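Below is one structure, written out as structure tokens; the observations come after it.
Being a predicted model, the structure only gives us computed values, none of them experimental.
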Amino acid sequence: MVSPPHEAMHRIFQHDPGLFSRVSRFLGVDIPTPVKATALPTDLTEANPVERRVDTLLRLETADQGPYLLAVEAQGKKHPDKPASWAYYTAYLWTKYRLPTALLVVCQDHATAKWAQQPVSCGPPQLPTLTVQPLVAGPHNMPVITDPEEARADLVLASLAAITHAAEPDVDAILKALSTALRDAPEDVAKPLVEFTAQGLAKRPAKNLWRNLVAVDLSFYKSYLAEEVRDEVRAAVRDEVRNEVRDEVRDEVRDEVRDEVRDEVRGEVRDEARAESRAEDILLILEQRGLGISEDVRSRITHCTDPELLRHWLARAVTVPKAEEVFEDE
């Protein structure tokens, strides 16, 4: 799966094709400013089923040196197969378009940048035949732009500086300068750079700083970055509301159950009171008649909760010769 930093590192050159000529001075070469730029298809697949795609491909035209191709590759880590792929890209493009072809690799860490800029030959040492040595832009040579005025002078370069230094200690200062410079920029200029920078930072700690910095810009609230924040806030609020609603529903149910239980208990207590009263009446009649009442008889009468049975015993208590005979004919 293609990561956001990968996309940001090469798509920013599609956004501003002239960026390459401005970056080139930091790479030790002098590339003239293009007078025209055309984005070309990135599919380099031949008739065979092997699919090959370069990240970004631009045709740049200069006033003095004519047109050339620029292939931009975003490289997040070392990969032993990449030099061969890069050799294929440049050879294929040179063959297809018959134009000088330049290869720029953009990295975000020193180790990958150092690996990418090493020349790799396809032949034996004494017969190099074809050597690939791309230009590499990364934290080792991209400028650390911490002055808002310098950032304002080239907003796209400042965004690339932030992306390539995403894992460096200087990134916070770069982001602060860039966010300050973007506040004065038109929304159509600021918005894509806000998003390129956010993508380039990915899940690094600096991403949170960037979100806080650009929150002061109204265009931020229309960007995907704002939607990402909204999703986080929405999830947090949903949890809070869910807990509140659960508490409310729990209280409502508790009140309803309390009322229901109160009615049930009231009925039960009323029946118990009636049973107790009827049991007392039975014992009183037996005592008034002078009949001996054993503990077993007394316990059985007082513990009975069946109103019909107690009513039956009450009727018998008036005539039975012995207290024990109250229970006969049950």
*Side-chain contact, heavy-atom cut-off 4.5 Å: Arg25 with Asp30?*
no

*Applying side chain to side chain contact (heavy atoms under 4.5 Å, CB included), run through Glu73 and Val106 and close with a yes or a no.*
CA-CA 6 Å; Glu73 281 280 283; Val106 185; over 6 Å; no

*Measure the shortest side-chain to side-chain distance between Leu27 and Val136 over non-hydrogen atoms and say whether it is less than 4.5 angstrom.*
no

*Any donor and acceptor pair, going by atom type alone, linking the side chain of Gln118 with main-chain N or O of Lys114 inside 3.5 Å?*
yes

*Arg204 side chain near Gln108 side chain, heavy-atom distance below 4.5 Å*: yes

*Would you check if the side chain of Thr101 reaches a backbone N or O of Leu99 as a donor-acceptor pair within less than 3.5 Å?*
yes

_Testing the basics here: between Leu291 and Pro321, what is the closest heavy-atom pair and its distance to 0.1 Å?_
CD2-O, 3.0 Å

*asked:* Ile282 and side chain to side chain contact (heavy atoms under 4.5 Å, CB included): which single residue from Ile301, Thr302, Val318 fits?
replied: Ile301

*asked:* Within the structure provided, determine whether Gln75 and Cys107 are in side-chain contact (heavy-atom separation under 4.5 Å).
replied: yes

*Polar side-chain atom of Asp172 near backbone of Pro169 as donor-acceptor pair, under 3.5 Å*: no

*Would you say Leu70 and Leu57 make side-chain contact, with heavy atoms under 4.5 Å?*
no

*Do Val144 and His165 touch side chain to side chain, with heavy atoms closer than 4.5 Å?*
yes

*Would you say the side-chain atoms of Ser299 and Asp296 include a donor-acceptor pair closer than 3.5 Å?*
no

*Hey, are Glu149 and Arg152 close enough for a salt bridge, meaning a charged N less than 4.0 Å from a carboxylate O?*
yes

_Closest heavy-atom pair and its distance - Ala166, Leu201_ = CB-CD2, 3.8 Å

*So, does Ser159 use its side chain to make a donor-acceptor pair with the main chain of Leu155 at under 3.5 Å?*
no

*asked:* Tell me whether Arg278 is salt-bridged to Glu276, with the criterion being a basic N under 4.0 Å from an acidic carboxylate O.
replied: no

*Is it true that a side-chain atom of Thr164 and a backbone atom of Leu160 form a donor plus acceptor pair closer than 3.5 Å?*
yes

_Residue pair Phe196 / Val156, side-chain heavy-atom distance below 4.5 Å_ = no

*Can you check side chain to side chain contact (heavy atoms under 4.5 Å, CB included) on Leu314 and Ile285, steps first, answer last?*
CA-CA 8 Å; Leu314 179 62; Ile285 291 173; 3.4 Å; yes

_Atom CZ of residue position Arg11 - does it have more than 12 heavy atoms of other residues, nucleotides or ligands inside 6.0 Å?_
no

*Test side chain to side chain contact (heavy atoms under 4.5 Å, CB included) on Leu157 and Val23 and set out the steps.*
CA-CA 7 Å; Leu157 179 62; Val23 166; 3.8 Å; yes

*Spell out, as yes or no, whether a donor-acceptor pair under 3.5 Å connects the side chain of Tyr89 to the backbone of Arg53.*
yes

_Distance check, rounded to the nearest 0.5 Å: Arg311 atom CZ versus Arg274 atom CZ?_
13.5 Å

*Please report the shortest heavy-atom distance between Pro192 and His15, naming the atom on each side.*
CG-CE1, 3.6 Å

_Please give me the minimum heavy-atom distance between Val132 and Pro83, naming the atom from each residue._
CG2-O, 4.3 Å

*asked:* Do His6 and Gln199 have side chains that approach each other closer than 4.5 Å (heavy atoms only, starting at C-beta)?
replied: no

*Could you tell me whether the side chain of Asp55 and the main chain of Ala74 form a donor-acceptor pair under 3.5 Å?*
yes

*Hey, mind stepping through Leu69 and Leu40 against side chain to side chain contact (heavy atoms under 4.5 Å, CB included) and telling me if it holds?*
CA-CA 9 Å; Leu69 300 181; Leu40 300 178; 3.5 Å; yes

*asked:* Can you tell me how the ring of Tyr92 sits relative to the ring of Tyr88, calling it parallel under 30°, perpendicular over 60° and tilted otherwise?
replied: parallel

*Taking everything shown except Arg289 itself, do over 12 heavy atoms lie less than 6.0 Å from its CZ?*
yes

*asked:* Tell me if a side-chain donor or acceptor on Ser24 pairs with a main-chain N or O of Ser21 at a distance below 3.5 Å.
replied: yes

*What pairs of residues pass the ring pair (Phe, Tyr, Trp, His ring centres under 6.0 Å) test when at least one of them lies in residues 101-125, not counting sequence neighbours?*
Trp86-Trp115

*Go through the side-chain N and O atoms of Thr131 and Ser121 and say whether any donor and acceptor fall under 3.5 Å apart.*
yes

*Where does the angle between the aromatic ring planes of Trp313 and Phe327 fall among parallel (under 30°), tilted (30 to 60°) and perpendicular (over 60°)?*
perpendicular

*Looking at Asp109 and Gly76, what are the two nearest heavy atoms and their distance?*
OD1-O, 3.6 Å

*Do side-chain atoms of Asp147 reach the backbone of Ala177 as a donor and acceptor pair under 3.5 angstrom?*
no

*Do you know the tightest heavy-atom contact between Arg22 and Asp16?*
NH2-OD2, 2.7 Å

*Same hydrophobic cluster for Ile174 and Ile12, using side-chain heavy-atom links shorter than 4.5 Å among ILVMFWY?*
no

